[in-house]
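Working notes, structure below.
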Amino acid sequence: MKTPTQTLRVVFALSMLACSVILVLFVRGRAAWTPEFWLQLAAASVVISAAICFVAFRQGKMRLVAVPLWPFVRLFVRQLAIVYAVSAVAISGVALAVIYAITRSGPNALALAVLAGLWLSLWLAPGIASFTTWRKLRIPKVNDVKL
């Protein structure tokens with residue numbers, strides 16, 4: 001059984017949509033929550049995620065061709081766990097520094113930072129894991145530059 005060709009693209013697009021909703025809510029979160037606000041939120045989120053997906057998917061990127069299902073699942077779940085852990089720690093660290101600088105309260109800043117890191121990583125990690133999984137599965141081309 002083969003993995004559907006668009007699997008990573010769908011996961012990436014949904015992850016970017018969730019992240020763009022969070023971003024728009026962060027930027028405009030104090031506005032009155034009217035029906036117009038929700039329409040603007042939806043429109044802005046779709047535009048942001050579509051732009052990110054356009055860049056990420058051009059030239060056939062993140063497309064799977066003849067990849068067996070179970071090796072793909074094992075690799076994706078491993079990448080997802082690694083990316084979630086790393087992004088949770090990174091986001092928590094940045095959030096801790098920012099929140100502590102504002103509040104000067106260690107326990108409160110730590111609690112909020114850990115919560116933010118764990119929650120935001122839930123939405124960000126699938127998109128990054130999709131990209132890293134695709135990078136590991138793709139066949140290297142002649143013109144690819146090794147970094």
Side-chain angles (χ1 to χ4, degrees), residues 1-139 147:
M1 183 178 201
K2 302 292 181 194
T3 306
T5 59
Q6 304 296 329
T7 301
L8 291 177
R9 287 180 171 191
V10 169
V11 171
F12 183 85
L14 291 174
S15 176
M16 291 305 106
L17 182 61
C19 290
S20 63
V21 167
I22 292 167
L23 174 69
V24 173
L25 277 173
F26 181 74
V27 171
R28 295 203 27 140
R30 296 208 179 241
W33 288 8
T34 62
E36 292 81 24
F37 168 79
W38 293 111
L39 289 173
Q40 290 172 356
L41 171 81
S45 299
V46 167
V47 167
I48 291 169
S49 63
I52 292 169
C53 288
F54 174 76
V55 172
F57 299 159
R58 64 184 169 176
Q59 299 174 353
K61 291 180 183 171
M62 279 203 258
R63 204 162 172 256
L64 300 173
V65 179
V67 176
L69 182 62
W70 292 113
F72 164 76
V73 169
R74 281 192 304 268
L75 178 63
F76 182 74
V77 168
R78 184 175 55 233
Q79 289 295 316
L80 186 60
I82 291 168
V83 168
Y84 178 76
V86 169
S87 63
V89 169
I91 292 171
S92 294
V94 170
L96 178 62
V98 170
I99 295 169
Y100 184 75
I102 294 170
T103 64
R104 297 286 184 213
S105 172
N108 291 342
L110 182 61
L112 268 172
V114 169
L115 183 65
L118 294 175
W119 185 77
L120 289 173
S121 294
L122 282 175
W123 307 111
L124 184 61
I128 298 171
S130 296
F131 188 75
T132 58
T133 300
W134 173 76
R135 294 278 310 233
K136 289 190 179 282
L137 288 175
R138 73 184 179 126
I139 301 169
L147 299 175

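Hydrogens, waters and symmetry mates are skipped; everything else that's a heavy atom, side chains included, is used. On a predicted model such as this, the values are computed, not experimentally measured, just so you know.
Considering only heavy atoms from C-beta on, Pro126 stays 4.5 Å or farther from Tyr84 through its side chain. Looking only at side-chain heavy atoms (C-beta outward), Thr132 and Ile82 stay at 4.5 Å or farther from each other. Side-chain atoms of Thr3 and Phe76, non-hydrogen and from C-beta on, never get closer than 4.5 Å to each other. Side chains of Phe72 and Thr133 form a contact here, defined as non-hydrogen atoms less than 4.5 Å apart.
Of all heavy-atom pairs between Ala56 and Met62, the closest is CB-CE, 3.8 Å. The minimum heavy-atom distance between Val24 and Ala44, with the atom names listed, is CG2-CB, 4.0 Å. Closest non-hydrogen pair, Gly127 versus Ser15, comes out as N-OG, 3.1 Å. Taking both residues in full, the closest heavy atoms of Ala32 and Phe37 are given as O-CB, 3.3 Å, listed atom of the first, atom of the second, then distance.
By the ring-ring contact (aromatic ring centres under 6.0 Å, His included) test, Trp38 pairs with Trp33, sequence neighbours left out. Judged as a side chain to side chain contact (heavy atoms under 4.5 Å, CB included), and not counting sequence neighbours, the contacts of Leu96 are Ala109, Leu110, Ala113. Residues that satisfy the ring-ring contact (aromatic ring centres under 6.0 Å, His included) test with Phe131, not counting sequence neighbours, are Trp134.
Geometric assessment of Arg9 against the ring of Phe57 yields a positive cation-pi assignment under the 6.0 Å and 45° thresholds.
Summarising the geometry, atom OG belonging to Ser130 is positioned 9.5 Å from atom CG belonging to Leu64; distances are rounded to the nearest 0.5 Å. We find the CZ-CG distance between Arg30 and Leu25 to be 13.0 Å, quoted to the nearest 0.5 Å. From Thr34, atom OG1 reaches atom CD of Gln40 across 7.0 Å, with rounding to the nearest 0.5 Å. Atom CZ of Arg58 sits about 7.0 Å away from atom CZ of Phe54, to the nearest 0.5 Å. Between the CZ atom of Arg135 and the CD atom of Gln79 there is a distance of 11.5 Å, given to the nearest 0.5 Å. Cys19 contributes atom SG, which lies 8.0 Å from atom CD1 of Ile128 (distance to the nearest 0.5 angstrom).
Remark: the backbone N or O of Leu118 is not paired with any side-chain donor or acceptor of Ser121 at under 3.5 angstrom.
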Between Ser92 and Val89, is the side chain to side chain contact (heavy atoms under 4.5 Å, CB included) condition met? List the steps. CA-CA 5 Å; Ser92 294; Val89 169; 5.8 Å; no
